[in-house]
Amino acid sequence: QAAPAEPTVASGESRRMVDILARIPWGVAVSRDEKILHANRALLDTFGFTDIDDLEIAGGFQAVMGGGARDARDGAVRGRHRDGSTLDLETRLSKVDWEGTPAMLLAVRRLEPVAALNAEIATLRQVIELASDGTIVLDAAGRIATANEAAARLLGVGAGALAGRSFVSQPLAERHLKALAAGDQAAPEAGLELLFDVEGASVPVLVTGASLATGEEPGICLVLRDLRRWKTVEAEAMTARHRAEQANEKKSDFLAKMSH
C-alpha cells in the first residue's frame with residue numbers, strides 16, 4: 001500500500017515554515033478566504049484525509065469543523081472525522097503572515113479520552129447542581145456516595161457531610177432500594193413517598209430512582225422531589241372543592257324548601 005501523499009505546498013511558500021509545521025505534533029492548517037493554503041500531515045491524519053485536495057472535495061473546514069476557519073474558536077470543540085465519527089478536539093486560532101499576505105492559522109489536536117470524559121463529567125455535575133430536585137448516588141451498601149445541594153437542603157445537612165451516611169432506615173424504603181438495586185421490575189415506577197425530618201419538621205419527599213450498572217460496583221441513583229408545595233396546592237384544591245360542595249348542598253336545600 002502506497003504511503004499517504006505529503007500535503008501539497010502552494011508555490012512560493014517558505015520551505016522553512018512548512019518544515020516547522022511538519023514537525024509540530026498538532027494538526028495545523030493555514031487558510032485565506034476559506035481556501036486551505038497548507039495543511040500538515042498531523043491535521044490530515046486527524047480527520048482522515050490523504051491530502052488538501054481530498055479535504056477540499058469533502059467540503060473543507062465546513063465538513064470537519066461544522067463551519068469555516070473564521071467560525072473556529074479557541075478551546076474544546078467537536079469535529080467530525082471523514083468516516084462520520086465525532087472527534088473531541090482542542091483548537092487554537094491565530095493570524096499569521098503567509099507569503100506576505102495575512103492568513104488564518106488553525107491548530108487542532110485530539111483530546112485524550114480521559115480529558116474528554118472529565119470535561120463531560122464536569123458538565124454533568126454542573127447540570128446536576130443546577131437541578132431543583134435533589135440527586136443522590138448510593139453505593140452497593142446503600143451509603144451516600146455523592147449528593148447535590150438540593151438533596152442536602154432536603155436532608156437538612158451540608159452536601160459535604162452526606163458522604164458515607166446511610167440514606168434511610170425505614171423498612172419500606174429499604175425494600176424499595178433493594179428492589180431498585182436488583183433491577184426488580186416490581187419496584188414502583190411512580191416512586192415512593194417518604195417523610196424526612198428536617199429541622200424538627202416533617203417534609204414529604206417523592207423518591208424515584210434507578211440502578212446504575214456502570215463502574216466496578218453497582219449503585220443507585222435517586223431523585224428527591226420536595227412535595228411541600230404540591231401538598232399545599234392539593235390541600236387548597238380539596239378545601240375549595242369542599243366549600244363548593246357545601247355551597248351546592250346549601251343551594252339544593254334552599255331550592256327544596258322553596259319548592260314546598
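One-based numbering along the sequence shown.
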By salt bridge (Lys or Arg N to Asp or Glu O under 4.0 Å), Arg82 pairs with (sequence neighbours left out) Asp54

Can you name the closest pair of heavy atoms from Ala42 and Pro25 and give their distance? CB-O, 3.9 Å

Write down the atom of Ala63, the atom of Ala58, and the distance for their closest heavy-atom approach. CB-O, 3.2 Å

Is a side-chain N or O of Glu149 found less than 3.5 angstrom from the main chain of Glu129, in a donor-acceptor match? no

Backbone N or O of Ile20 within a donor-acceptor pair of the Asn40 side chain at under 3.5 Å? no

If I take atom CG from residue Asp97 and atom CG from residue Leu105, how far apart are they, to the nearest 0.5 angstrom? 12.0 Å

Could you measure the distance from the CZ atom of Arg23 to the CG atom of Leu21? Nearest 0.5 Å is fine. 10.5 Å

Looking only at atom types and distance, does a side-chain atom of Asp33 sit under 3.5 Å from a main-chain N or O of Lys35, one as donor and one as acceptor? no

Beyond-backbone contact of Leu89 with Met65, side-chain heavy atoms, under 4.5 angstrom: yes

Between atom CD of Glu34 and atom CD of Glu56, what is the distance when rounded to the nearest 0.5 Å? 9.5 Å

If we only count heavy atoms from C-beta on, is the Thr146 to Ile128 side-chain gap below 4.5 Å? no

Could you check whether any side-chain heavy atom of Thr91 comes within less than 4.5 Å of a side-chain heavy atom of Val108, counting everything from C-beta outward? yes

Tell me, do Leu87 and Phe47 make a side-chain contact under 4.5 Å, heavy atoms counted? yes

Assess whether side-chain contact (heavy atoms from CB on, under 4.5 Å) is satisfied between Leu224 and Thr135, documenting all intermediate values. CA-CA 6 Å; Leu224 316 180; Thr135 303; over 6 Å; no

Of all heavy-atom pairs linking Ala151 and Asn148, the shortest is N-OD1, 3.0 Å

Would Val223 end up clustered with Ile136 when hydrophobic side chains under 4.5 Å apart are linked, directly or stepwise? no

Should Leu43 and Val28 be marked as a side-chain contact (heavy atoms from CB on, under 4.5 Å) after you check the CA-CA gap, both sets of side-chain angles, and the distance that decides it? CA-CA 6 Å; Leu43 183 129; Val28 179; 5.7 Å; no

Can you tell me how far apart NE2 (His81) and CZ (Phe49) are? Round to the nearest 0.5 Å. 8.0 Å

Do the side chains of Leu55 and Ile57 join up, straight or via other hydrophobic residues, at under 4.5 Å, putting them in one cluster? no

Minimum heavy-atom distance Ala103-Val30, with the two atoms named: CB-CG1, 3.8 Å

Transitive ILVMFWY side-chain link Ile24 to Leu37, under 4.5 Å: yes

Verdict with supporting geometry, Arg32 and Met104, side-chain contact (heavy atoms from CB on, under 4.5 Å): CA-CA 6 Å; Arg32 184 183 300 121; Met104 301 295 294; over 6 Å; no

Non-hydrogen atoms of Ala150 and Ala131 that approach each other most closely: CB-O, 3.9 Å

Please evaluate residues Asp88 and Arg110 with respect to the criterion salt bridge (charged side-chain N to carboxylate O under 4.0 Å, His left out), reporting the C-alpha separation (whole Å), side-chain torsions for both, the decisive distance (0.1 Å), and the verdict. CA-CA 6 Å; Asp88 291 303; Arg110 294 191 65 169; over 6 Å; no

